[in-house]
Amino acid sequence: MKIRPRLLFALLSLLFLAYSLCIYLAPVMNTVHLGGHKTAEGRLIWQKYNCQSCHQLYGLGGYLGPDLTNILSSPGKDEKLVRAMIYSGTRQMPSFNMPEDELNLLIEFLKSTDASGISDPRQFKATNYGMIEAYETN
Ligand code: HEC
């Protein structure tokens, strides 16, 4: 069968457009999946203040500060501490003088990561063959 170049071009263009549409719609889909608009807006606040440069989510991100995926349910930590930390900072953590509504959205976002599962890299060890395994718990 002889494939006509024009037809091939049209077909590939169509596939390209369809694929692009999927890519651009993905964040919208994820928004719904993550639990609504507040969570998505909270994620934008997280990005706006670049928390990722020092903190990890699901083990990915900067390593100056701790992983914050499950910070809200970590032993000895709660929403109060998170709010105080973001507002006041410490020597290494800058204080973010953000408006109350931004802080609330950020908390919503951290609630959603917390609800999405447990992700503490310290609970896993790397094996010699490049996989990870959970540490034995007694
Ligand atoms: C310049 C790097 C840096 C940036 C940017 C940063 N942090 Fe931190 N953060 C740290 C460090 C370092 C610590 C640990 C400080 C300590 O324990 O004294 C910390 C601690 C925290 C803690 C307390 C964690 C715990 O286990 O006690 C929270 C909550 C937190 N950061 C939230 C945020 C949020 C939210 C943002 C974005 C708005 C942010 N941080 C941006 C460096 C940073």
Side-chain angles (χ1 to χ4, degrees):
M1 193 182 94
K2 196 176 159 226
I3 300 174
R4 279 195 236 142
R6 270 190 198 184
L7 198 68
L8 188 64
F9 179 75
L11 185 72
L12 288 176
S13 300
L14 206 68
L15 284 175
F16 171 75
L17 285 177
Y19 187 59
S20 299
L21 195 70
C22 290
I23 302 271
Y24 283 104
L25 283 183
V28 182
M29 307 292 193
N30 288 345
T31 303
V32 175
H33 175 68
L34 274 172
H37 291 300
K38 277 199 170 174
T39 307
E41 284 175 42
R43 185 175 61 182
L44 293 180
I45 306 294
W46 171 268
Q47 288 168 350
K48 175 178 170 189
Y49 289 98
N50 218 358
C51 311
Q52 194 77 11
S53 61
C54 297
H55 292 282
Q56 311 98 61
L57 284 179
Y58 307 106
L60 295 174
Y63 283 93
L64 192 61
D67 188 295
L68 296 182
T69 316
N70 301 112
I71 184 70
L72 285 172
S73 62
S74 304
K77 313 277 158 95
D78 60 7
E79 193 178 319
K80 237 170 150 184
L81 171 119
V82 175
R83 282 179 183 273
M85 202 67 195
I86 296 170
Y87 193 73
S88 314
T90 60
R91 260 188 308 173
Q92 284 183 305
M93 159 105 180
S95 70
F96 292 90
N97 226 336
M98 63 177 73
E100 187 76 21
D101 56 336
E102 287 192 342
L103 190 51
N104 290 340
L105 289 171
L106 201 46
I107 296 286
E108 285 303 317
F109 174 61
L110 289 174
K111 275 184 190 163
S112 82
T113 60
D114 192 25
S116 69
I118 303 291
S119 162
D120 182 354
R122 285 165 295 191
Q123 289 175 347
F124 298 93
K125 62 173 182 228
T127 62
N128 294 336
Y129 46 92
M131 305 297 276
I132 52 169
E133 276 173 7
Y135 282 115
E136 301 286 325
T137 46
N138 320 309

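Within 6.0 Å of atom OH in Y19, 12 or fewer heavy atoms from other residues, nucleotides or ligands are found, so the atom counts as exposed in its surroundings.
In this structure the side chain of V82 reaches within 4.5 angstrom of the side chain of I71, judged on heavy atoms. The side-chain heavy atoms of M98 and L106, taken from C-beta on, include a pair separated by under 4.5 Å. A heavy-atom distance below 4.5 Å is found between the side chains of L57 and F109.
With rounding to the nearest 0.5 angstrom, the OG atom of S73 is 12.5 Å from the CD atom of E79. Rounded to the nearest 0.5 angstrom, M85 CE and S95 OG are separated by 10.5 Å. Atoms NE2 and CG, from H55 and L68 in turn, are 4.5 Å apart once rounded to the nearest 0.5 Å. One distance of note links CD1 of I107 with CG of L72; it measures 6.0 Å at 0.5 Å rounding. Atom-to-atom distance recorded for Q47:CD and Q52:CD is 8.0 Å, nearest 0.5 angstrom. Atom CD1 of I86 and atom CG of N97 lie 12.0 Å apart (nearest 0.5 Å).
I3 and L12 fall within a single hydrophobic cluster, where Ile, Leu, Val, Met, Phe, Trp and Tyr are joined by side-chain heavy atoms under 4.5 Å apart, directly or via other members.
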List the steps and the verdict of salt bridge (charged side-chain N to carboxylate O under 4.0 Å, His left out) for E108 and K111.
CA-CA 5 Å; E108 285 303 317; K111 275 184 190 163; 3.7 Å; yes

Would you please test K38 and L105 for side-chain contact (heavy atoms from CB on, under 4.5 Å) and show each step?
CA-CA 6 Å; K38 277 199 170 174; L105 289 171; 4.1 Å; yes

Are E100 and R83 close enough, and set up right, to give a salt bridge (charged side-chain N to carboxylate O under 4.0 Å, His left out), and what steps lead you there?
CA-CA 10 Å; E100 187 76 21; R83 282 179 183 273; 3.7 Å; yes

Kindly determine whether L110 and W46 satisfy side-chain contact (heavy atoms from CB on, under 4.5 Å), including the steps that lead there.
CA-CA 9 Å; L110 289 174; W46 171 268; 4.2 Å; yes

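Without hydrogens or angle criteria, Q56 side chain to G62 main chain gives a donor-acceptor distance under 3.5 Å.
Classification of the Y49-F96 ring pair by plane angle, with boundaries at 30° and 60°, yields perpendicular.
Using modelled atom types, one finds no donor on one side chain facing an acceptor on the other under 3.5 Å when comparing Y58 with T113.
Across all their heavy atoms, D67 and G59 have their closest contact at OD2-N, 2.8 Å.
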